[in-house]
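What follows is a short report on a single structure.
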Amino acid sequence: MTHAYINRIGTAVPDHEVHRFVLDFAASRLANDPRRQAIFRRMADRMGIEHRYTSLIPAADPFGACLDEAGDFRLGAFPGTAKRMDLFEANAPALAMAAIERLGLGDGLGDVTHLVVTSCTGFSAPGIDLEIVARCGLRSSVERTLIGFMGCYAAINALKAARHIVRSEPASRVLVVNVELCTLHLKESDDLKKLLSFCLWGDGCAAALVTAEAEGLRLDRFHALLASGGRDLMTWNVRDDGFDMVLSGQVPNAIQEVLRDRCDAVLGGLDVGAIDVWAVHPGGRSVLDAVERALDLEPDALERSRKVLRDNGNMSSATVMFVLEAILHEKVGGRAGCAMAFGPGLTAETLRFEQVE
C-alpha cells in the first residue's frame with residue numbers, strides 16, 4: 001500500500017503585530033461602561049495570547065478615527081464585504097508565497113502535480129489558487145482543489161484530500177496551502193462577546209508538501225466527529241458588513257464531551273498513552289484546556305499548541321499546521337501523533353500520524 005507523507009511545512013505571518021492595538025480598540029468600545037471594560041480586560045488577559053499579526057497597516061493610534069493607515073476601517077463607516085474581499089485579493093497571494101518559499105523547494109515547484117488550497121476568510125474567481133499557480137510558475141496543467149468556508153478544521157480535510165491523491169497516484173506531489181486573513185473581518189461593536197472574539201484572531205498561512213516519499217509525517221488515519229446538538233455553537237456567515245463569527249461559550253464543553261465519549265474512534269483503538277505528540281488546533285485557551293481534560297493529558301502535552309496560540313492567536317485553518325510544523329522540525333523518528341481541529345458544526349476533524357526518520 002502506498003503511504004502519504006507531509007515532507008515539509010512552511011509558515012508565514014504578515015509584518016504587522018496587532019494584538020495590543022486591537023485590545024486597546026476593543027476596550028475603547030466599552031469606555032462608557034467601566035465595569036464591562038474591566039471584565040473585558042480581565043478576560044482578554046486570560047486568553048493566552050501575546051502576539052497576533054494583520055495584513056492591514058495599523059494606524060498609529062488605536063483610539064483614533066481610523067484603525068488602519070489606508071482609512072478603510074473608519075469609525076462609523078467600517079467597510080462592507082466587497083471592500084474586505086478586495087483586501088483579501090490584494091494581500092493573500094503575497095502571504096501565501098511567503099509560506100511556500102519557506103518550503104525551500106526552489107526549482108522543485110515545477111514538479112508539483114496538485115494544488116489544494118483552503119480559506120474561509122476571502123473568495124474571488126479567478127482566485128488565490130490561480131494566483132499561486134502564476135506566482136510559483138506551476139504547470140498550467142496542475143490539478144487544483146479549493147476547500148472553502150469549512151473554518152478551522154479545513155487543513156485536516158486538505159491533508160485528507162492530499163492523502164487520497166497520493167495513494168491513488170503515487171507519483172503525485174501535492175502542494176497544500178492554508179491562507180487566512182481573519183483580521184479583515186473586524187467589526188465595530190460594543191458587544192462584550194464579539195469584542196473578545198476579535199481579540200482571538202490573527203492572519204497566517206501554512207504551506208505543505210505531501211508525497212509518497214517516506215520522510216516527515218506519515219498520514220495514517222482520519223476520523224471526523226460531529227457533536228450532537230452543536231450545530232449553532234460555532235457559525236461563520238457572510239453578511240453585508242463582512243463575515244460574522246458566532247462562537248458560543250459552550251464550545252469547550254461540547255468539545256470535551258465529544259472527545260471523551262468518542263476517543264476510541266479517533267485513536268482507532270489505541271490508548272491515549274500510546275500517542276507521543278499532539279497537534280491540537282489552538283482555537284483558544286479554553287479549547288486546549290477542554291481537550292486536555294477530556295483526554296487526561298499531561299500538563300505539557302499541548303505546549304506546542306499553546307505556544308502557537310501565544311505567538312500568533314487563532315489563524316483559522318492555518319493554525320494546526322503551525323503546530324505540525326513544530327513537530328516536524330523536531331526530527332524525532334518513531335513517534336505516534338494525533339492532530340485535531342474544530343470548526344462550525346460543531347465539527348472535529350482528526351488525524352493520526354507517525355513521525356518517520
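Contact record, Met150 with Ile147: SD-CG2, 3.5 Å, taken as the closest heavy-atom pair. Of all heavy-atom pairs between Cys66 and Gly71, the closest is SG-CA, 3.9 Å. Taking both residues in full, the closest heavy atoms of Leu95 and Gly204 are given as CD2-C, 3.8 Å, listed atom of the first, atom of the second, then distance. Contact between Arg84 and Leu186 at its shortest, heavy atoms only, is NH1-O, 2.9 Å. The minimum heavy-atom distance linking Ala208 with Ile6 is given by the pair CB-CG2, 4.2 Å. Between Leu302 and Leu297, the shortest heavy-atom distance links the atoms CD2-CD1, 3.8 Å.
Here the side chain of Thr11 pairs no donor or acceptor atom with the backbone of Phe322 at under 3.5 angstrom. Arg36 contributes a side-chain N or O that, together with a main-chain N or O of Asp190, makes up a donor-acceptor pair within less than 3.5 Å. In this structure, Asp203 contributes its side chain and Cys182 its backbone to a donor-acceptor pair below 3.5 Å. Looking at Thr113, its side chain does come within 3.5 Å of a backbone N or O of Arg173 through a donor-acceptor pair. Looking only at distances, a side-chain donor or acceptor of Glu17 sits under 3.5 Å from a matching main-chain atom of Arg52. Between the Glu188 side chain and the Gly76 main chain, a donor and an acceptor come within less than 3.5 Å of each other. Not one N or O on the side chain of Arg262 forms a donor-acceptor pair closer than 3.5 Å with the backbone of Leu225. The main-chain N or O of Ile49 is found under 3.5 Å from a side-chain atom of His19 such that the two form a donor-acceptor pair. Judged by distance alone, with hydrogens and angles left aside, the side-chain atoms of Ser305 form no donor-acceptor pair with the main-chain N or O of Pro282 at under 3.5 Å. Checked by atom type and distance alone, the side chain of Arg8 pairs as donor or acceptor with a backbone atom of Leu103 at under 3.5 Å.
Within the 4.5 Å cutoff, the side chain of Val166 has no heavy atoms near those of the Pro170 side chain. Residues Glu303 and Arg310 are in side-chain contact: their nearest non-hydrogen atoms beyond the backbone lie under 4.5 Å apart. The shortest distance between side-chain heavy atoms of Cys136 and Met97 falls below 4.5 Å. Contact check for Cys263 versus Leu295: side-chain heavy atoms found under the 4.5 Å cut-off. Residues Leu309 and Met47 are not in side-chain contact: their nearest non-hydrogen atoms beyond the backbone lie 4.5 Å or more apart. Contact annotation: the side chain of Leu217 never approaches that of Tyr5 to less than 4.5 Å [non-hydrogen atoms, C-beta and beyond]. Side-chain contact between Val251 and Leu346 is present, with heavy atoms from C-beta onward closer than 4.5 Å. With contacts defined as side-chain heavy-atom distances shorter than 4.5 Å, the pair Arg163/Leu159 does not qualify.
Within a 6.0 Å sphere centred on CD of Glu169, other residues, nucleotides and ligands contribute more than 12 heavy atoms. Within a 6.0 Å radius of CG in Asn237, other residues, nucleotides and ligands contribute more than 12 heavy atoms.
Annotation: ring-ring contact (aromatic ring centres under 6.0 Å, His included) contacts involving residues 157-191, sequence neighbours excluded, comprise His185-Trp236, His185-Phe243. Residue pairs that meet the ring-ring contact (aromatic ring centres under 6.0 Å, His included) test with at least one member in residues 38-78, sequence neighbours left out, are Phe73-Phe78. Applying the salt bridge (Lys or Arg N to Asp or Glu O under 4.0 Å) test to pairs two or more places apart or on separate chains, those with a residue in residues 219-235 are Arg218-Asp220. Contacts classified as salt bridge (Lys or Arg N to Asp or Glu O under 4.0 Å) and involving residues 98-109 (residues at least two apart or in different chains) are not found.
Following chains of ILVMFWY side-chain contacts shorter than 4.5 Å, one cannot reach Val117 starting from Met321, and the two form parts of different hydrophobic clusters. Both Val18 and Leu184 belong to a common hydrophobic cluster when Ile, Leu, Val, Met, Phe, Trp and Tyr are linked at side-chain heavy-atom distances under 4.5 angstrom. Placement of Val116 and Ile9 within a single hydrophobic cluster is found when ILVMFWY residues are connected by side-chain heavy-atom separations under 4.5 Å, directly or transitively. Val176 and Val112 are assigned to two separate hydrophobic clusters, defined by single-linkage of ILVMFWY side chains at heavy-atom distances under 4.5 Å. The cluster map of Ile, Leu, Val, Met, Phe, Trp and Tyr, joined by side-chain heavy atoms under 4.5 Å apart, puts Leu233 and Leu288 in the same cluster.
Between Lys307 and Glu50 there is no salt bridge, since no side-chain N of the basic residue sits under 4.0 Å from a carboxylate O of the acidic one. Salt-bridge formation is detected for the pair Arg304/Glu330: a Lys NZ or Arg NE/NH1/NH2 atom is positioned less than 4.0 Å from an Asp or Glu carboxylate oxygen. With respect to the salt-bridge test (charged N to carboxylate O, under 4.0 angstrom), the residues Asp45 and Arg41 do not qualify. Here Asp300 does not pair with Arg306 in a salt bridge; the nearest charged N to carboxylate O distance is not below 4.0 Å. With salt bridges taken as basic N to acidic carboxylate O contacts below 4.0 Å, one links Glu349 and Lys160. Comment: Arg135 engages Glu131 in a salt bridge, judged by a side-chain N to carboxylate O separation of less than 4.0 angstrom.
Atom-to-atom distance recorded for Leu270:CG and Cys338:SG is 9.5 Å, nearest 0.5 angstrom.
Here Phe149 and Phe123 bring their ring centres to under 6.0 angstrom of each other.
With sequence neighbours left out, the salt bridge (Lys or Arg N to Asp or Glu O under 4.0 Å) criterion links Glu298 to no other residue. Every residue meeting the side chain to side chain contact (heavy atoms under 4.5 Å, CB included) condition with Ala70, not counting sequence neighbours, appears here in chain and number order: Asp68, Asp72.
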